[in-house]
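Chain letters run A, B, ... following the sequence lines, proteins first and then strands; every chain starts at 1.
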There are 2 protein chains.
Amino acid sequence: MEARVRLSDVAKAAGVSAATVSRVLRRPELVSPGVRERILGVIEELGYFANPAARALASARTNVIGILIPSLTNNVFADVLRGIYSVAQDSPYDLQFANTRYSNLEEENLLRVFLSQKPAGLIVTGTDQSPASRTLLKQASCPVVQIMETGDDPVDMMVGFSHVRSAHAATAHLVGQGYRSIAFLGARMDPRTRRRMQGYSRALEEAGLFDERLIVTTPRSSTVTLGCELLGLLLEKELNADAVFCNNDDLALGVLFECQRRRIAVPSQMGICGFNDLEMMAVANPPVSSIRTFRQEMGEQAIRMLIDRIEGRAVTTPLLDLGFELMVRQSSQRQLPPL
Amino acid sequence: MEARVRLSDVAKAAGVSAATVSRVLRRPELVSPGVRERILGVIEELGYFANPAARALASARTNVIGILIPSLTNNVFADVLRGIYSVAQDSPYDLQFANTRYSNLEEENLLRVFLSQKPAGLIVTGTDQSPASRTLLKQASCPVVQIMETGDDPVDMMVGFSHVRSAHAATAHLVGQGYRSIAFLGARMDPRTRRRMQGYSRALEEAGLFDERLIVTTPRSSTVTLGCELLGLLLEKELNADAVFCNNDDLALGVLFECQRRRIAVPSQMGICGFNDLEMMAVANPPVSSIRTFRQEMGEQAIRMLIDRIEGRAVTTPLLDLGFELMVRQSSQRQLPPL
DNA sequence: TTTGTGAATGAAAGCGCTTTCATTGTCAAT
DNA sequence: ATTGACAATGAAAGCGCTTTCATTCACAAA
């Protein structure tokens, strides 16, 4: 192991002081062009890499952007992460993820850990932080973006969409198709799932069709298999459900599979609408209706806003609603039954 | 903003020197129980958090474990990450991910960045690093685990399974079921996909059934929709394919959907076998055969081995083959056609 | 009592950078 | 020529820890 090249080695080799080398790296405009080029040459030649710890310690800040998401395995967050990544890749910032596992307490702890590092910025999920977390975020000396939801009380910046409105739209669509006994299937009842349930409930109340027995939920996290099971539970209740709005597409696909197995015709005997519009929904048989959400774009926008703020640029829209799109497909287009 | 609590603040409040506080944190056995308890109390009371930058700078090492994976959005890696997480959560180590995007060049760059931080350990994907990366890893002053594959020439430690053997088993199974024109569908031809293709080819050659025209691949990354398309491409070739082995389950599900649409009976007219055994495969109609791989366990083992090594414990099996399991389901169990 | 030993603690020197402040040199304005 | 302003650079003081080395003290052995 050869010793690491330090800033002072570069300085010595270039015949300048350490301060000047540091300036070349941090504020190159402060160094005369000739010296700057020479130093850059030496850096290249020696293969110098700044020690991030020393840098962070001396400057009392890092180039770390912390990201708190509830789950790594959920497709939704994977897409968001991809968006974040694609933008951050070309920036000088390092991303650091942490997984709150849908726990406000873990979130709070992780937040403290992150903040203790003086991150350049922070991305957190949702609006349902614990009061302590919220205070921490408010007092944070770095910009913060909340993602996945909209709301009128951002900690700092926010980008997402309305779960209530999108679920309302999906449910209203089912009502419009003539379904009368529309169930809600929900897994892992996180705040966003709850809001979707709210949108569902509101739409049915407006149509005079609400019946709480039609709501089937579980704290387990959602899978296709779970969709099959939840449909089974629903059918056991013998409420003559003729449609289901699923909290997400995994469940919706499971419902579709289970309907096939039980010879329940989709969409005539059972309408199905999912949530998130995973790519597979469009190629299932029949294709499954869903609410399209802009997950990757959400990630991209979040990190862009953050970087703009970090670098002192004005953020024109600190509260960004990306909306949603109802993708109507065969699974929810009922051929109206004969009277 | 209240000033951060420093080690020296704790020391002052506890009436001891900074060195002693540091010892309580790093090597508590060196401090007498009474003093230790008192200091821990003060730490708790003041809400002291060590500054990781200062710590790293002073000790010339970090508690960061770097993880290099090719993709964040792939289910497979998501499962591996979950495994890694579940173990690391209760350890003092911080995880830091980076995404190589299936590029050896990016991997090399990221490796340099990681190594410049003197990580406590490193997890990298696969065995196909560039020669330069391999050299970097060999010279690394920290333990390294390669995941996702087995091989006889590990950089340091390795945990995974044989893609060749598992694909061979899947293909041999299809042969055994009486299929005679077995296609291979592959997307994003990364090294592991290639090895699966090798296993497929070998099995068919052994059976005297190999025909390279039956191989349909694309550099695009795999989706269910792509499975539909690839099946379309295969059928256009009019080779009377009667089975497909898919590089992964996304493709396999797409093939199933496309068969349904084209009224191709599965498994009688078309056998299907996927790879990875995502949970949804078991509940599709018909259930789809697949190769089960132990992704989460792979992550768990990888980080365990790493931590054991970091902490100086002997690793009994530095080259761990987790194997695989052929999950035979209806999609590949042909009712043999009449003669 | 004296001595040696080891456990417990403190003093102080960095770790490799950044940044403030001081210094020097250059050039336009007077 | 003199002054002032500003650009370019260097000296040096930390940033908040860890760790080496020295010191103190208690206690067992002689």
Side-chain angles (χ1 to χ4, degrees), chain A residues 1-40 42-43 46-64 92 94 113 115-120 141, chain B residues 1-40 42-43 46-64 92 94 115-118 120 141:
Chain A
M1 284 299 294
E2 17 177 334
R4 274 204 56 197
V5 180
R6 280 155 307 165
L7 185 70
S8 59
D9 299 326
V10 174
K12 203 175 300 171
V16 296
S17 73
T20 304
V21 178
S22 178
R23 276 187 203 107
V24 167
L25 262 22
R26 313 297 284 182
R27 323 245 338 247
E29 71 278 8
L30 292 182
V31 179
S32 64
V35 176
R36 193 193 310 156
E37 291 312 313
R38 180 153 45 94
I39 293 176
L40 286 174
V42 174
I43 286 175
L46 267 52
Y48 170 72
F49 265 91
N51 176 329
R55 181 171 270 192
L57 182 58
S59 64
R61 57 194 151 74
T62 63
N63 63 344
V64 167
D94 283 344
V113 172
L115 287 172
S116 81
Q117 307 186 35
K118 310 227 181 210
S141 51
Chain B
M1 285 298 294
E2 16 175 337
R4 273 204 55 197
V5 181
R6 279 157 307 164
L7 184 70
S8 59
D9 299 326
V10 174
K12 204 174 299 170
V16 296
S17 73
T20 303
V21 178
S22 178
R23 274 186 206 107
V24 167
L25 262 21
R26 314 295 284 181
R27 324 245 337 248
E29 72 278 9
L30 293 182
V31 179
S32 65
V35 176
R36 195 194 307 157
E37 291 312 314
R38 177 154 45 95
I39 293 177
L40 286 174
V42 174
I43 286 176
L46 267 53
Y48 169 72
F49 265 91
N51 176 329
R55 181 170 269 194
L57 181 59
S59 64
R61 58 195 151 72
T62 61
N63 63 344
V64 168
D94 282 343
L115 287 172
S116 79
Q117 306 185 36
K118 309 228 182 210
S141 51

Visitor: Given 3.5 Å as the limit, does a donor-acceptor pair link the side chain of B:Ser59 with the main chain of B:Arg55, or not?
Guide: yes
Visitor: D:dT18, OP1 or OP2 - any side-chain N/O from B:Ser22 closer than 4.0 Å?
Guide: yes
Visitor: May I have the distance from A:Asp9 (atom CG) to C:dG16 (atom P), rounded to whole angstrom?
Guide: 9 Å
Visitor: Which whole-number value in Å describes the distance from B:Arg26 CZ to D:dG16 P?
Guide: 17 Å
Visitor: Give a yes or no on whether the backbone of A:Val31 and the side-chain of A:Arg36 come within a donor-acceptor separation of less than 3.5 Å.
Guide: yes
Visitor: Output the distance between atom CG (A:Leu7) and atom OG1 (A:Thr20), rounded to the nearest 0.5 Å.
Guide: 9.5 Å
Visitor: Which value, rounded to the nearest 0.5 Å, describes the distance between A:Ile39 atom CD1 and A:Arg23 atom CZ?
Guide: 9.5 Å
Visitor: What integer distance in Å separates B:Leu7:CG from D:dC17:P?
Guide: 5 Å
Visitor: At under 4.0 Å between heavy atoms, how does the protein contact nucleotides 6-14 of chain D? Give one character per nucleotide, 5' to 3', with B, S or -.
Guide: --SBBB--B
Visitor: Rounded to whole angstrom units, what separation is found between the CG atom of A:Leu57 and the C1' atom of C:dT19?
Guide: 13 Å
Visitor: Check the distance between D:dT18's P and B:Arg6's CZ and give it to me in whole angstrom.
Guide: 14 Å
Visitor: Can you measure A:Arg4 atom CZ to C:dG16 atom P for me and round it to whole angstrom units?
Guide: 8 Å
Visitor: Starting from C1' on C:dC15, measure out to NZ on B:Lys118 and report it in whole angstrom.
Guide: 11 Å
Visitor: At what distance, to the nearest 0.5 angstrom, does CG of B:Leu40 lie from CG of B:Leu25?
Guide: 8.0 Å
Visitor: Have a look at A:Arg61 and say if it touches a base, only the backbone sugar-phosphate, or nothing, with a 4.0 Å heavy-atom cut-off.
Guide: sugar-phosphate
Visitor: Do B:Asn51 and B:Arg4 have side chains that get closer than 4.5 Å, going by heavy atoms?
Guide: yes
Visitor: What is the distance, rounded to the nearest whole Å, between atom CG of B:Leu25 and atom P of D:dT18?
Guide: 7 Å
Visitor: Over all heavy atoms of both residues, which pair between A:Ala53 and B:Leu57 is shortest? Give the atoms and the distance, please.
Guide: CB-N, 3.9 Å
Visitor: With a 4.0 Å limit, can you tell me whether B:Ser59 has a side-chain N or O closer than that to the phosphate oxygens OP1/OP2 of D:dT18?
Guide: no
